[in-house]
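In what follows, a single structure is set out as structure tokens and then discussed.
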Amino acid sequence: MKIGVFDSGAGGLSVVKSLLDHKLFDEIIYYGDTARVPYGPKDANTVIRYSLEALEFFNNFDIDLLITACNTVSAYAITEMQSKASYPVVGVIEPGIKALVNGFTDKDAPILIIGTRATIASKRYQHALEQLGYQNLTALQTGLFVSMVEEGIFDGPLLYETMHHYFKEIETPQAIILGCTHFPLISESIKSYFDDIPTLIHSGEAIVEYLEERHGIKENVEETKLSIYASDNVEGLRAIANRWLND
Ligand code: DGL
């Protein structure tokens with residue numbers, strides 16, 4: 001299968017890493033809209049417009065499936081994308097919720113959801129989890145992490161200070177939903193900030209489980225051919241890809 005993976009920038013590479021590790025596809029076309037990242041602070045209409053423009057980019061390739069490896073796009077634009085595309089379009093929010101529910105059954109334990117302003121404001125994660133009976137949710141907009149990842153900052157004092165800024169007043173969570181695909185790139189730092197996190201939900205790992213469960217897609221290739229495209233500074237994106245995917 002040849003698939004497309006779309007994100008506003010480098011974050012979707014965290015999803016690509018999971019897809020490569022699990023050897024699911026023959027070919028992946030990655031597109032990062034680096035000219036317009038971040039999407040998180042933008043209004044729903046803008047996110048929808050950009051996402052539909054990304055669909056046009058994928059018209060150049062004959063893909064079988066598109067993964068929107070971006071929670072912000074998944075929160076706002078998935079229905080529009082699905083109605084315009086001639087192939088299935090799969091977002092990351094539903095898989096993330098399913099992954100949490102599968103692995104974490106304590107409904108009173110503190111759960112932290114972090115994401116962009118848009119994703120948190122959409123309340124997609126909060127509503128779904130509340131409906132499933134999870135009672136102790138804290139949802140935080142942590143948009144600065146996106147800029148840091150785009151800058152290639154994955155650890156160190158600047159990131160620590162930013163985590164402190166966002167996390168200083170919250171109860172230590174027992175599970176964290178990384179509700180932005182940029183965040184797995186800093187997940188080691190987040191884990192060490194909280195000392196130890198029993199459950200960490202990562203859109204990439206969640207979607208691998210989901211693709212198997214819902215679409216019957218499982219490990220079946222020796223090697224995946226990956227092509228990376230960007231709307232700006234493709235070299236910068238490739239540098240992050242080299243660092244991140246070869247780890
Ligand atoms: N990686 C994206 C997400 O999962 C969006 C980051 C951004 O563009 O603000 O939400």
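Just follow the structure's listing: the first ligand is 1, and inside any ligand the first atom is 1.
With sequence neighbours left out, the side-chain hydrogen bond (donor to acceptor under 3.5 Å, both in side chains) criterion links Glu53 to Arg36. Applying the side-chain contact (heavy atoms from CB on, under 4.5 Å) test to Ala175 and every residue at least two apart in sequence or in another chain returns Leu100, Phe104, Ile111, Thr199. Residues meeting the side-chain contact (heavy atoms from CB on, under 4.5 Å) test with Asn59, sequence neighbours left out: Glu56.
Under the 6.0 Å cut-off for aromatic ring centres, Phe58 and Tyr87 do not qualify, their centroids lying 6.0 Å or more apart.
Classified by interplanar angle (parallel below 30°, tilted 30° to 60°, perpendicular above 60°), the ring pair Tyr50/Tyr39 is tilted.
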May I have the N/O to N/O pairs between ligand 1 and the protein that fall below 3.5 Å, each with atom names and distance to one decimal?
unit_1	atom_1	unit_2	atom_2	d
ligand 1	1 (N)	Asp7	OD1	3.0
ligand 1	1 (N)	Thr181	OG1	2.9
ligand 1	1 (N)	His182	ND1	2.7
ligand 1	4 (O)	Asn71	N	2.7
ligand 1	4 (O)	Asn71	ND2	3.3
ligand 1	4 (O)	Thr181	N	2.8
ligand 1	4 (O)	Thr181	OG1	3.3
ligand 1	8 (O)	Ser8	OG	2.6
ligand 1	8 (O)	Tyr39	N	2.6
ligand 1	9 (O)	Tyr39	N	3.3
ligand 1	9 (O)	Gly40	N	2.8
ligand 1	10 (O)	Asn71	N	3.4
ligand 1	10 (O)	Thr72	N	3.1
ligand 1	10 (O)	Thr72	OG1	2.7

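The existence of a salt bridge linking Arg124 and Glu94 is excluded, since no basic side-chain nitrogen approaches an acidic carboxylate oxygen closer than 4.0 Å.
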